[in-house]
Amino acid sequence: MTPAVSGIATQTLSLHDELILALLNEESGYFHQVPGWGLNCAVVGSVLAELSLMSRIDTDMTSLYLVDSASTGNPALDPVLEEIASEPVRRNAQYWIERLAPRAESIVDLTLNRLVDLEILQHHDGEFWTLSPTAWRNELLSGGGEGNVVQFVRDRISNVIFNNEIPDPRDVIIICLVNTCDVFRFMFQLDDAAEERIQFICNMDLIGRSIAEAVAHNLAGPVLRRSALSKRIPTVSLRKLLTNSHARHGNLPALFADLAEEYGPVFELRPPFAKPMIFLAGPETNSWAHRNGRLYLRTRDYFADFEKVYGASGVLPSLDGGDHFRLRKSMSAAYSRGRLLGQLDRLYSYVRNFMADWTVGSSLPATTMSRMMINSQLSPLFVSVDSQDIFNDLAKFKERALLTHIVKVLPKFMLNTPGMRRRAKAVDVLLERIQNVHTQAQRAGLPRDLADDWLSLHASDPQFVPETTLRFQLSAALIASVYLGDAFSFALYAMASQPEIYREIQREADALFENGDPAAEDFTPSAISVTHRFLMESLRMYPIVPMSIRNVMNSCMVEGYELPVGSRIYIAQTASHYMESVFPDPFTFDIDRYMPPRNEHLSPGYAPYGLGTHICLGSRMMELQLAVNILMIAHHFTLEISPRNYKLKFNALPSMKPSKKLKFLVAERRHELNT
C-alpha cells in the first residue's frame, strides 16, 4: 500500500528527481562517480527539460525562449525560470546549460531533500543516501503496480533500450541525461546494439543534444587549464607562526583562524626538516570538503602505518568509498543515541558509582578524572568488561602511536621503548577479557553491545572484518573514552568557570531528577535546552579534534588553488569556530548563538565532529552521554576551578585537551547519590 503521506501519494516525480534516483549508487551511499561538469550540465538540463514539458519554455534549432513565466512553486525550477525571463536576448539551449551549471549544486541539494521528505530516500550522517525501506506503489510516478521508484525508473529505461518500446518524451530525456553522465555501464550490460539504440534515442531530443554538446565542449577544458589559472598557495612566515599567542597556548583552531584571515583559506606551512603542509581553513573550504572530499581526498594513505601498529587493515577510519559506507552503515546502530537511551538505568548507575567517593574538598585532576569517569561507563556499555585497571595503558599506547605514525612529531622508535611495549600488552589483555564474556550462553538475555556487533559482523563476513581488524576496533571502542573524556573535561571547565550558566544547568538537572531518574522520553529539547546549547558552545570553543588529514587522490581546485595529486592536506575544519564572520565575538562563551534567529551553528563553519563521509559516527550518542554526565554532576555537586587563578591552556597533540594543571575542587554536595 502507498504510505499515508498527505498530499504526495500520486505526485509525479520531476526529471531532476528521476535523474538523481538513476544516478544513486546504494553500495557507496552516493552517486556513481560523474565528472563535475558533466553532472552539472545533466542536472541543469533536467530542469530545463522539466520546464519544457510544463510548457514554460520551448526550444527550436537556434534558441530557447520563454513561454510562461508564472511560478511553478518548485524551488528547484523557479530560480531557473526567473533567470531565463530576465534575459532580454534569446539564447540557445547550450548557452543556458553552461550559464546555469553553477546552480547545479543547489538543485541537487533541493532534490535530495525533497526525496528524503517524500520518504523515497533515507539520509545518513556523513552525507550518504540510500533508498528508503518504505515500499512505494508506482502510483507515485503515475503508473501502476508495486515496486520502488528507483526500480521503476530503471525498468522504464531498460524497456526502451532493450525491448525497443516507443519512448515517450520523458523517457527520451532521462536516457539522454543518464547517458551524458556515462552511468549506463554501471546499470546494464551493454552490447553494440544497445549503445546504438541509446545514441539514436539521444538524438531525438534537442535539449538532450544541447547537454551532450555542452559537456563535450567543456569536459577537457578545466583539466587542461587548471595549472594556468590556479593561484599560488601562500606560505606562512615561520616567524608569524612562532609569535602567534594562540600557538603558544596550544589553541590550534584560533591559530588557524588567524592564519586564514591573513593568508586566505588555503595556505602552506614549511616546517624545518619536514615536508610542506597544505592547510584548508574557513567555512568555504569546509563546505567544499564536506561535499566534494569523497571525490578527491582519501584517508587510506596516511593511516596505513597506524593500522599496522595494531596488525590491522581496513579499519573504519582508513576506509573510503563503498567499503567505508558499508561498514559505517553496518555499525550505525551500535553507536546510536537510541541504543544509549535504552540503557539509561545502567548509565545512571555507572555515573553514581564513580562519584561515590567524592567528598567536599576533594581535588580532581581534570583530564585523568574525566577520562576515567567516561571509561567507567563506555567499557561495560560497549564491551561488557571492566577495563579501569588497563585503561591508562591503552590510552598512552594509542596516543604514542598517533604521535609517531599520524602527527609524526616523534620518531617511530619512540613507540618501541620498554614502557610502550609493556603498555601494548594491555590490548591483548582487553581482547582476552572481551572474548571470555562474549560466548553465546553468557550473552543470552543481555542487551546487545558494541562487541556483539563487531563479532557478529566478523562471523558473517570474515574477509570484510577479519580478526586483525577486531583487535583495533574493540580497543578503539575504549579509546573513545579519551576523546569523549577530554570533551567532558572542557565542558566541566566551562561550567565551573561560569557560575551563572552552572546555575541554569542545575535548574534543568533538578527538574529532571526531582522525581527520580528521568526516562528516555524526558530528555526533550525543552527539558535540556540550556544544557544542549551549553555543550554545543563548549564543543565550538574547545573542539577535541581540530583538524583532519587527507591525501589528494585526484587533483582539484579549491578556492582557486590547485591541490596536486599525492599532496597531504590538513583540513582545519574548526578554524571557522574562531572567525568573527561566522561566530561574532568568537572568544566569548555564548550559548544563545544556537537559538533563532541567530542559529550560527547552521553554517558549514560549525564542525566539531569533522566533515563529509568521515564525520563522527557516534556524535548523537556522544552528545547524550555528555549531557547525562553534566546534568548528574550539576544535580549532585558544585565544582570549582582549582587553582582559582588558573588560565586555560591546551595540550594540543595528538588531540586537544586541557593542560595537566587544571583540577576541579568539590565545593558542595547538593543531593545524595543513593548508589
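Since the model is a prediction, treat every value here as computed from it, not as a measurement.
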**Student:** Say whether Asp386 and Ser379, considering side chains only, have a donor N or O and an acceptor N or O under 3.5 Å apart.
**Tutor:**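 Not at all, the side chains of Asp386 and Ser379 share no donor-acceptor pair under 3.5 Å.
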
**Student:** Charged N to carboxylate O below 4.0 Å: is that the case for Asp125 and Arg620?
**Tutor:**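 Salt bridge: no.
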
**Student:** Give, for atom CE of Met547 and atom CZ of Phe279, the distance between the pair rounded to the nearest 0.5 Å.
**Tutor:**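 Going from the CE atom of Met547 to the CZ atom of Phe279 covers 5.0 Å.
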
**Student:** Please determine, by modelled atom types, if Asp182 and His32 share a side-chain donor-acceptor pair under 3.5 angstrom.
**Tutor:**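 Not at all, the side chains of Asp182 and His32 share no donor-acceptor pair under 3.5 Å.
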
**Student:** Would you tell me whether Asp109 and Ser106 have side-chain atoms, one donor and one acceptor, within less than 3.5 Å of each other?
**Tutor:**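 There is no such pair between these side chains.
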
**Student:** So how far is it from Leu624 CG to Leu347 CG, rounded to the nearest 0.5 Å?
**Tutor:**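 The CG atom of Leu347 is 7.5 Å from CG of Leu624, to the nearest 0.5 Å.
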
**Student:** Test side chain to side chain contact (heavy atoms under 4.5 Å, CB included) on Arg568 and Arg550 and set out the steps.
**Tutor:** CA-CA 6 Å; Arg568 181 154 293 180; Arg550 300 287 185 270; over 6 Å; no

**Student:** Side chain of His290, backbone of Gly612: donor and acceptor closer than 3.5 Å?
**Tutor:**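 The answer is yes, because a donor-acceptor pair under 3.5 Å joins these two groups.
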
**Student:** Do Phe188 and Phe162 make the cut of ring centroids closer than 6.0 angstrom?
**Tutor:**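 Ring-ring flag for Phe188/Phe162: true, centres closer than 6.0 Å.
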
**Student:** Is it true that Arg337 and Glu623 make a salt bridge, defined as a side-chain N closer than 4.0 Å to a carboxylate O?
**Tutor:**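 Result for this pair is no, no salt bridge flagged.
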
**Student:** I need the minimum non-hydrogen distance between Leu19 and Ile174, along with the two atoms involved.
**Tutor:**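 Smallest heavy-atom distance, with atoms named: N-CD1, 3.6 Å.
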
**Student:** Over all heavy atoms of both residues, which pair between Ala104 and Val43 is shortest? Give the atoms and the distance, please.
**Tutor:**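 In this case the closest contact between Ala104 and Val43 is O-CG1, 4.0 Å.
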
**Student:** Any side-chain heavy-atom pair from Met373 and Val351 closer than 4.5 angstrom?
**Tutor:**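 They are in contact (side-chain heavy atoms under 4.5 Å apart), so the answer is yes.
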
**Student:** Hey, do the aromatic rings of Tyr606 and His577 have their centres closer than 6.0 Å?
**Tutor:**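 Yes: the rings meet the under 6.0 Å criterion.
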
**Student:** Under 3.5 Å, is there a donor-acceptor pair between the Asn629 and Gln377 side chains?
**Tutor:**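 There is such a pair (donor and acceptor under 3.5 Å, judged by atom type) between the side chains of Asn629 and Gln377.
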
**Student:** Evaluate the side-chain proximity of His601 to Arg540: yes if any heavy-atom separation is below 4.5 Å, no if none is.
**Tutor:**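 They are not in contact (no side-chain heavy atoms under 4.5 Å apart), so the answer is no.
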
**Student:** Between Arg346 (side chain) and Pro380 (backbone), is there a donor-acceptor pair under 3.5 Å?
**Tutor:**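 Yes; judged by distance alone, with no hydrogens or angles, the pair exists.
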
**Student:** Scan the side chains in residues 468-480 for donor-acceptor partners under 3.5 Å anywhere in the protein, sequence neighbours excluded, and list what turns up.
**Tutor:**
{"from": "Thr469", "atom 1": "OG1", "to": "Ser313", "atom 2": "O", "distance (Å)": "3.0"}
{"from": "Arg471", "atom 1": "NE", "to": "Tyr310", "atom 2": "O", "distance (Å)": "3.3"}
{"from": "Arg471", "atom 1": "NH1", "to": "Asp428", "atom 2": "OD1", "distance (Å)": "2.4"}
{"from": "Ser475", "atom 1": "OG", "to": "Arg471", "atom 2": "O", "distance (Å)": "3.0"}
{"from": "Ser475", "atom 1": "OG", "to": "Phe472", "atom 2": "O", "distance (Å)": "3.0"}

**Student:** Please report the closest heavy-atom contact between His405 and Lys408, naming both atoms and the distance.
**Tutor:**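 The answer is O-CE, 3.5 Å.
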
**Student:** Side chains of Phe184 and Ile175, heavy atoms from C-beta outward: is any pair under 4.5 Å?
**Tutor:**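 A side-chain contact exists here, since the closest heavy-atom pair is under 4.5 Å.
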
**Student:** Answer yes or no: does atom CD of Glu467 have more than 12 heavy-atom neighbours from other residues, nucleotides or ligands under 6.0 Å?
**Tutor:**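 Not buried by this count: 12 neighbours or fewer within 6.0 Å.
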
**Student:** Hey, mind stepping through Gln573 and Ser548 against side chain to side chain donor-acceptor pair (under 3.5 Å) and telling me if it holds?
**Tutor:** CA-CA 7 Å; Gln573 72 269 3; Ser548 306; 3.2 Å; yes

**Student:** When you compare the side chain of Glu559 with that of Trp288, does any pair of heavy atoms fall below 4.5 Å?
**Tutor:**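 Contact flag for Trp288/Glu559 side chains = no.
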
**Student:** Yes or no on side chain to side chain donor-acceptor pair (under 3.5 Å) for Ser318 and Glu307, after CA distance, side-chain angles and deciding distance?
**Tutor:** CA-CA 8 Å; Ser318 72; Glu307 285 184 312; 2.6 Å; yes

**Student:** Evaluate Arg298 against Asn551 for side chain to side chain donor-acceptor pair (under 3.5 Å), listing each step before the verdict.
**Tutor:** CA-CA 5 Å; Arg298 67 184 176 201; Asn551 273 40; over 6 Å; no

**Student:** Between atom CD1 of Ile571 and atom CD1 of Ile278, what is the distance when rounded to the nearest 0.5 Å?
**Tutor:**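 So the CD1 of Ile571 and the CD1 of Ile278 are separated by 11.5 Å.
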
**Student:** Flag the pair Val558 / Ile569 as yes when at least one side-chain heavy-atom distance between them is below 4.5 Å, and no otherwise.
**Tutor:**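 A side-chain contact under 4.5 Å is absent here.
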
**Student:** Within the structure provided, determine whether Phe488 and Met622 are in side-chain contact (heavy-atom separation under 4.5 Å).
**Tutor:**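 In short, these two side chains do not touch, never coming nearer than 4.5 Å.
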
**Student:** Please report the shortest heavy-atom distance between Arg443 and Ser384, naming the atom on each side.
**Tutor:**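 Shortest heavy-atom separation between Arg443 and Ser384 comes out as NH1-OG, 3.1 Å.
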
**Student:** Under the criterion side chain to side chain contact (heavy atoms under 4.5 Å, CB included), I'd like the reasoning laid out for Leu430 against Ile434: C-alpha separation, chi angles, the key distance, then a yes or no.
**Tutor:** CA-CA 6 Å; Leu430 174 66; Ile434 294 172; 3.8 Å; yes

**Student:** Checking Gln442 against Thr439: is there a side-chain donor and acceptor pair closer than 3.5 Å?
**Tutor:**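 The answer is yes; a qualifying pair exists.
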
**Student:** Is a side-chain donor-acceptor pair under 3.5 Å present for Tyr594 with Glu600?
**Tutor:**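 The answer is no; no qualifying pair exists.
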
**Student:** Would the distance check show the side chain of Ser576 and the main-chain N or O of Gly605 forming a donor-acceptor pair, the cut-off being under 3.5 Å?
**Tutor:**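 Side chain of Ser576 to backbone of Gly605, a donor-acceptor pair under 3.5 Å: yes, one is there.
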
**Student:** Does Ala451 offer a backbone N or O that forms a donor-acceptor pair with the side chain of His438 under 3.5 Å?
**Tutor:**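 Answer holds: no.
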
**Student:** Show your reasoning for whether side chain to side chain donor-acceptor pair (under 3.5 Å) applies to Ser370 and Asp486.
**Tutor:** CA-CA 7 Å; Ser370 298; Asp486 291 344; over 6 Å; no

**Student:** Once you round to the nearest 0.5 Å, how far does CG of Asp305 lie from CD1 of Ile406?
**Tutor:**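 Asp305 CG to Ile406 CD1: 8.0 Å, rounded to 0.5 Å.
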
**Student:** Do Pro518 and Tyr348 come close enough that some side-chain heavy atom pair is under 4.5 Å?
**Tutor:**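 Yes, close enough: below the 4.5 Å cut-off.
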
**Student:** Flag the pair Val545 / Tyr483 as yes when at least one side-chain heavy-atom distance between them is below 4.5 Å, and no otherwise.
**Tutor:**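 SC-SC contact between Val545 and Tyr483 confirmed.
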
**Student:** Let's go through Glu18 and Arg156 carefully: what are the C-alpha distance in whole Å and the side-chain angles of both, what is the deciding distance for salt bridge (Lys or Arg N to Asp or Glu O under 4.0 Å) to 0.1 Å, and is it a yes or a no?
**Tutor:** CA-CA 11 Å; Glu18 293 192 18; Arg156 278 174 38 215; 3.0 Å; yes

**Student:** Under 3.5 Å, is there a donor on one side chain and an acceptor on the other for His124 and Ser332?
**Tutor:**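 No, Ser332 and His124 have no side-chain donor paired with an acceptor closer than 3.5 Å.
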
**Student:** Looking at Val47 and His16, what are the two nearest heavy atoms and their distance?
**Tutor:**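 Closest pair (atom of Val47, atom of His16, distance): CG2-ND1, 4.0 Å.
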
**Student:** In sequence, state the C-alpha distance, the side-chain angles, and the governing distance for Val429 and Arg433, and then conclude on side chain to side chain contact (heavy atoms under 4.5 Å, CB included).
**Tutor:** CA-CA 6 Å; Val429 173; Arg433 290 180 185 179; 3.6 Å; yes

**Student:** Could you go step by step and tell me if Phe306 and Thr404 meet the side chain to side chain contact (heavy atoms under 4.5 Å, CB included) rule?
**Tutor:** CA-CA 9 Å; Phe306 181 77; Thr404 55; over 6 Å; no

**Student:** What are the two closest heavy atoms between Asn286 and Ala572, and how far apart are they?
**Tutor:**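 Between these two residues, the closest heavy atoms are OD1-O, 4.4 Å.
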
**Student:** So, are Arg326 and Glu26 salt-bridged, with charged N and O less than 4.0 Å apart?
**Tutor:**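 No salt bridge links Arg326 with Glu26.
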
**Student:** So which pairs with a foot in residues 313-324 pass salt bridge (charged side-chain N to carboxylate O under 4.0 Å, His left out), sequence neighbours left out?
**Tutor:**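 For residues 313-324, and leaving out neighbouring residues, there are no salt bridge (charged side-chain N to carboxylate O under 4.0 Å, His left out) pairs at all.
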
**Student:** For Phe325 and Tyr30, what are the C-alpha separation, side-chain angles and deciding distance, and is it a ring-ring contact (aromatic ring centres under 6.0 Å, His included)?
**Tutor:** CA-CA 9 Å; Phe325 175 61; Tyr30 199 59; over 10 Å; no

